[in-house]
Amino acid sequence: MRKGFYARLAADNLKKNSKVYLPYLVTCVLMVAMFYIITALSLNADIQNLPGSAPVQTMLDFGSKIVAIFAFIFLFYTNSFLMKRRKKEFGLFNILGMEKRHISRVLAFETLYIALIAWIGGFLVGIAFDKLLYLLIVRILDTEIALGFYISVPAIVRTLVLFAIVFCCIFLNGMRQIHLSNPIELLKSGQVGEREPKTKGLLAVLGVLCLGIGYAIAVAVQAPVQVVSYIFIAVILVIAGTYFLFTAGSIAFLKMLRKNKRYYYQTRHFTAVSGMLYRMKQNAVGLANICVLSTMVLVMLSTTSSLLIGITDLVQTRYPYDCAIYAGEDMQTEIEAQLASLEKKQSVSIKERTSYSYLSFYAAQDGNQFQLLKPNSLANGAYLDLVCIPLEDYNRNYGTNETLQDGEVLLSVHNGHYDFSSIQVFDQTYSIKEQVSNFLPKGTAASDPAGIATIQMVVRDPELLHQLDVQPKKQYGKGGTFREFGTFYGMSLSGDDKSQQAFCDALKEQLLVQDPNLQMDCRVERHSNVIQLYGGLFFLGAFLGTLFVIATVLMIYYKQISEGYEDAERFTIMQKVGMSLSEVKQSIHTQVLLVFFLPLLMTGVHLIFAFPIFKRLLAMMYLTNVKLYILCTICCFIAFALLYTAVYLLTARVYDQIVSKKKLH
């Protein structure tokens, strides 16, 4: 062989197969660019130095790992389409005298060319967009922009290493397929007749069960802790059910239609059902992949956009006061004194204030009886927050003049209901004088929007708080998640954000001297923290959403291409048996259209059943604006459906071009 023969042959092969290789090259370039971008951002010193950037940094690092795994899997998947189309060509080379080791050399050069194009193109695109996305993160975090151009050498090295491994694995897999097949098998790989797919009834039933259980979990789970525990299980079940139904359920359904003679033995139904039956066997996994990816894209974009758009409502729900103080049980007098002193010195005044003493602990309910919750039983979600406050604090805050006799309490319930006339806490039973609508706690014992039921019990004497605290204090200690005894002080402030922040900082500095365990929430500061956290989530969601959209588009393209080559032969056969060209085209396009939009329809069903569990997940993040979440979900689905349809129309043109070459005249 002349020197450079294999290199030139490999280059010619890429040019001749440009219709199928160009999208693959674009995919490789984009994967390299995306991995470089997110890795460079995770290593960017300017982002690391931003105030409160730790959550964003963690998410970027997590995102880079997801992109790496996804790139490995997806490039393998798309390369399988190429190998399927190229086997006949490799078989022809083999028959004409080229040994398999020579074909492997051609494949090696092709892989090398693709890798070089991916690296060069990916780095150019990645470096160009890295600064743009950095500016986007800075904009989301609402901080100052650092000028200058940044190229991350460590990110380049990581990208080179990762994709060198990916392309080596793809090359080895291609060699395996060539060396395990004989020339005749390679030559006729695209002409082997398809057998009728078998009905896998058990797999179809299993798919229905997986989807049913996954949907039931998503709808039924109410407790916040259970949402976190069960959401992963529900997702796995729905993904498994999707694959089972597409691979087995669709075939079982089509065979049921075929058994219906009145329906099946009609011209349009006969060809459509038969064609779809074989089409499902070939494309079920690809359709399931498209469905799963589409669902992931829409869930990520709808939830993260809801969080970002609803940040103001979210902060208002989580931090209802401009300044909230959680101090020890005897700190109320000291807080009042420091506030009076600071108001004279600062350009901030207190407009409204709420203060009370409280005892709060987690309890397990059995009828009207309440006992302490065991720490190891927190995960089952069967608990509530019991909050006790003195009557004098209740009357002072609401301007009421309620009275209680010995053994009487007032009760108010949030996120639940209580249907008994008495309440037994530990060994003491109290008569409920009245259930009131006023719900005082808005701090650490706050009404939790995530779904934790909270019972507020107003007791006659402040000393009763200490009596009730004996058992929780003994079991849980002086503080922590399960028990809190202290003073809550919440206030609304006048002045701009800077003045409010200065007021809170000065107040905290003074109070920490008296109570080192004191905690304070300043809404201005917390608002900034929330933006950093949810802004990072939105960026990661949008980034991964874009990645999955690209994957979906490429899957659709290769699905259309592979079906085009297969349907070209069917066009000829169907015309030979007497069908007109228009009937043939209508039959095949009907099949393609119905099968093509099945994933989008299934995605819509997944979103409907996923809505309840993700609504509660967002509530745990204090986003209670359900209308906003519904609107974001609908808008994302409509936008994705339009993109999906546009991709179908564009790829359908390529499909028609392939099929039209085989038409009879």
Side-chain angles (χ1 to χ4, degrees), residues 20-43 59-86 104 107-108 110-123 125-126 129-130 152 154-178 232 235-236 239-240 242-243 285-286 288-297 300 540-559 562:
V20 290
Y21 265 107
L22 186 59
Y24 178 65
L25 285 169
V26 172
T27 306
C28 294
V29 168
L30 290 176
M31 290 294 173
V32 170
M34 287 192 145
F35 182 76
Y36 169 80
I37 289 169
I38 199 164
T39 305
L41 289 173
S42 69
L43 299 172
M59 289 171 201
L60 290 173
D61 186 57
F62 176 69
S64 67
K65 292 179 174 62
I66 292 178
V67 173
I69 295 170
F70 184 80
F72 191 90
I73 295 171
F74 185 64
L75 289 182
F76 252 85
Y77 180 82
T78 51
N79 184 261
S80 66
F81 284 98
L82 299 178
M83 287 303 298
K84 185 178 180 181
R85 298 309 316 163
R86 298 290 307 283
S104 296
L107 189 62
E110 289 180 4
T111 306
L112 178 62
Y113 293 152
I114 292 170
L116 290 174
I117 293 170
W119 277 324
I120 295 170
F123 286 135
V125 174
F129 280 90
D130 176 41
S152 176
I156 290 176
V157 173
R158 290 188 188 184
T159 307
L160 285 170
V161 171
L162 171 67
F163 285 92
I165 295 172
V166 171
F167 288 120
C168 280
C169 291
I170 289 173
F171 168 67
L172 292 174
N173 184 55
M175 282 183 60
R176 178 189 63 82
Q177 293 184 55
I178 292 171
F232 180 73
V235 168
I236 294 298
I239 290 175
T242 301
Y243 280 99
V285 175
N289 286 336
I290 293 171
C291 179
V292 170
L293 281 174
S294 301
T295 305
M296 290 171 65
V297 168
M300 279 193 298
L540 184 60
F543 191 90
L544 294 179
T546 303
L547 180 65
F548 293 150
V549 165
I550 292 170
T552 304
V553 169
L554 265 295
M555 282 186 182
I556 292 170
Y557 177 85
Y558 280 116
K559 179 179 173 297
S562 62

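The two residues T242 and C291 come nearest to each other via the heavy atoms CG2-SG, 3.9 Å. In terms of heavy atoms, I114 sits closest to C28 at CG2-SG, 4.0 Å. The shortest non-hydrogen separation linking Y24 to I170 is OH-CD1, 3.6 Å.
Going from atom CZ of F167 over to atom CG of L116 covers 9.5 Å, rounded to the nearest 0.5 Å. The structure places CD1 of I37 at 12.0 Å from OG of S42, a figure rounded to the nearest 0.5 Å. Atom-to-atom distance recorded for L107:CG and N173:CG is 9.5 Å, nearest 0.5 angstrom. Of the inter-residue distances, the one linking M34 atom CE with F129 atom CZ reads 10.0 Å to the nearest 0.5 angstrom. The CD1 atom of I38 sits 11.0 Å away from the CG atom of L43 when rounded to the nearest 0.5 Å. To the nearest 0.5 angstrom, L160 atom CG is 4.0 Å from F123 atom CZ.
Remark: side-chain polar atoms of Y36 are paired, donor with acceptor, to backbone N or O of S152 under 3.5 angstrom.
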